[in-house]
Asker: 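Attaching a single structure in structure tokens format; questions to follow.
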Amino acid sequence: MVDLVGRVDDKLRRAFAAASLPVEGVRSVPATRPEFGDFQCNAAMALGKAAKRNPRDLAAAVAETLRRDPDFASVEVAGPGFLNLRLADAVVAGLAREQAASPTLGIAQRDSAPVLLDFGGSNVAKPLHVGHLRSLVIGESLSRLFQAQGIAVVTDVHFGDWGLQMGMLIAAIRRAHPGRAPGTVGAGIAIDEMERLYPEAAAACKADPERMAEARALTAALQAGDADARADWGALRDTSLADQKRDFDLVGARFDLFLGESDTQATVERIVPDLLARGIAERDEGAVVIAVAEPSDTRPVPPMMLEKSDGAATYATTDLATIADRAASPATARCGRYVYVVDERQSLHFTQVFRAARKAGLAPADGLVHVGFGTVNGVDGKPYKTREGGVARLRDLIGDAVAKARERVDASDPAVDAEALARQVGLAAVKWADLSTGRLGGYVFNLERMVSFEGNTGPYVQYACVRIGAIAARAVAAGARASEISLGHPAERALAMACLRLPAAVEAAAAGYAPNEIADFAFAVAQSFSRFYTECPVLAAGDAERAARLALCDLAFAVLSRALWMLGIAVPQRM
RNA sequence: GACUCCGUAGCUCAGUUGGAUAGAGCAGCCGCCUUCUAAGCGGCAGGUCGAAGGUUCGAGCCCUUCCGGAGUCGCCA
């Protein structure tokens, strides 16, 4: 077991048990100050309070056991009952060697059912904007995080291609091209025209009841299978999705399935009468709803709307039907957990759908999870707009970051593909800005920050990786070989300790659906490496030291590049 | 009105069952490139953790009230 934190916690629990103390809640945390050692344990104080005993005495009893363990260089009781632990250098070196030899770098492999990840959530005719960035980057990162744990993943973009918006759009394109026959209009609409017409149509429908009635009628016709409506719809959908796939490729979001709300139409038609017949759904005020309120609710949870009084399905209906489809489809039937990476504002919606799914017996074995995230705002706290007042397109944002990165690339080196490197660095900056903050907090969109390449940024971590790679390449050229990790200099020890936290970081990130745990970890390793880099010459060191440092470099490279991979960030050859 | 999230350094953010002197990065100031890439390293400065009470040996974290911001609240998706 390469898990450093797990090993220390294990020893702590044994020592508490040996002192006849409960082990529940006993764990280590990183020492708050370097002079306290590597880890501290605060459990004695909590236990002392519960047992009404002096925490210092409890800590002293535990310390006595731990001191007999040669793995610890020092065990001290401090203050009201802190246990300060410092590992022996040989133990750290040994663990680092184990980690270097481990194909998973010590990351615990989970034997769990595949996970279905639903993210992206783009809509027909709406260009991807900064709001989609979070879903795409967080979703892709979670996908890789699970894969790093040995868990298979199935990703579905869940395209918004159904409902009233489509009626609005079809009506608008037919109005714009009165000379073309219904059913032949959609195929002639390019993406630019579609994206221009849609917001106009939505505004017109809002302002004009007649336009709205027209849109509703077309929506109903589409859902009823009208051939012309279907033909125009299909063309619009295809054009829009093809365009969006370019953006998915651009940000590196990989999808197994490009299913949409429309794909569940047959199930929607079946599920409504079925749920009514089973008494799970009921008619109310002309609509069909499922009551999902629970006595323990601290807020009112309205019933889930299954069918509107005009007979149309809703977003909730398609989401519920999609759950049924996923359980039945060969591609997703084995998935034990469905994870939705969607804006936190839809929290209530998912509460309703998930409860309805459980009532209907549709929920997968390991449950339904909504991984929400905060909204993207401008510096004024309001939804982010460009200087021109429009939405900031994802493509343009990344273009800006890449252009900024391009300015810094050394174009004089013919071995470097400047454009490709600028794309890698610019994208890293954008992704890092998003993934390094907690997903639930409000998100202030700041272009300056997104395209800055210094300090706590993606390019900084990439740069650390690149420099390690450069050392390794020079070593190969010089015929120098790595041996085994051994630790002498404090910067070497600190770097090894940082690397050894990888398994704990992955656990924390997966448990909380929190890629920022990985970003924090990667930044700490990069910082440790940068310090090591300035303080410990590798190639200029003596033979034995050089070989040991090369081994440590190899580990740091493996760990850092694995962490960056989990964030969806590329490791360039040079910078 | 009810509920949810948020308020931490000039700015953007961390802060792990309640623990030691609240941490990073940016911006500012001072140093470091004849030596593995300075997208780097070291240092200085910067805080009544929105406010007031309470619980506790100990509160950024838990409880109460208030202030401020964002969001949601059955027939949009």
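Every chain is numbered from 1, with letters handed out A, B, ... down the list of sequences. Note that the structure is predicted; figures quoted are calculated from it, not measured.
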Asker: Which of the following nucleotides, B/A27, B/U37, B/A77, is nearest to the side chain of A/Glu454?
Answerer: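 Looking only at heavy atoms from C-beta outward on A/Glu454, the closest nucleotide is B/A27.
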Asker: NE2 of A/His370 versus P of B/G71: gap in Å, rounded?
Answerer: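 Answer to the nearest Å: 17 Å.
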Asker: Taking the C1' atom in each of B/U64 and B/U55, what is the distance between them to the nearest angstrom?
Answerer: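 Result for the C1' pair: 11 Å, nearest Å.
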Asker: Rounded to whole angstrom, note down the P distance from B/C62 over to B/C73.
Answerer: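 It comes out at 27 Å once rounded to the nearest Å.
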Asker: Look at all strands and tell whether A/Phe523 reaches a base, only sugar-phosphate, or nothing, counting heavy atoms closer than 4.0 Å.
Answerer: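 Sugar-phosphate only.
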Asker: Go through B/C36, B/A20, B/A77 for me and flag the one nearest to the A/Tyr315 side chain.
Answerer: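 It is B/A77.
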Asker: Got a donor-acceptor pair under 3.5 Å from the side chain of A/Asn84 to the base of B/A20?
Answerer: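 Result: at least one qualifying N/O pair found.
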Asker: Between B/A14, B/G40, B/A39, which nucleotide has the shortest distance from any of its atoms to the side chain of A/Asp520?
Answerer: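 The closest nucleotide is B/A14.
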Asker: Return whichever of A/Gln40 or A/Gly286 has its heavy-atom-nearest nucleotide of RNA chain B closer to the 5' end.
Answerer: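 Upstream on the strand: A/Gln40.
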Asker: Starting at OH of A/Tyr460 and ending at C1' of B/A39, how long is that distance when rounded to a whole Å?
Answerer: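 It is 10 Å, rounded to the nearest whole Å.
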Asker: Distance check, C1' atoms only: B/U34 and B/A45, in whole angstrom units.
Answerer: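 34 Å, rounded to whole Å.
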Asker: Given B/G40, B/C75, B/U37, which nucleotide is nearest the side-chain atoms of A/Arg474?
Answerer: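 Within the option list, the nearest is B/U37.
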Asker: Can you identify which nucleotide, out of B/U17, B/A77, B/A39, has its nearest atom closest to the A/Ala43 side chain?
Answerer: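 Closest nucleotide among those given: B/U17.
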Asker: Is there a donor on the side chain of A/Thr437 or the base of B/C13 sitting less than 3.5 Å from an acceptor on the other?
Answerer: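 Check fails, no donor-acceptor contact within cut-off.
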Asker: Rounded to the Å, how far apart are A/Phe36 CZ and B/A22 P?
Answerer: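 After rounding, the reported distance stands at 11 Å.
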Asker: Checking contacts here: which listed nucleotide (B/A20, B/C75, B/U37) is nearest the side-chain heavy atoms of A/Arg574?
Answerer: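 Selected nucleotide: B/U37.
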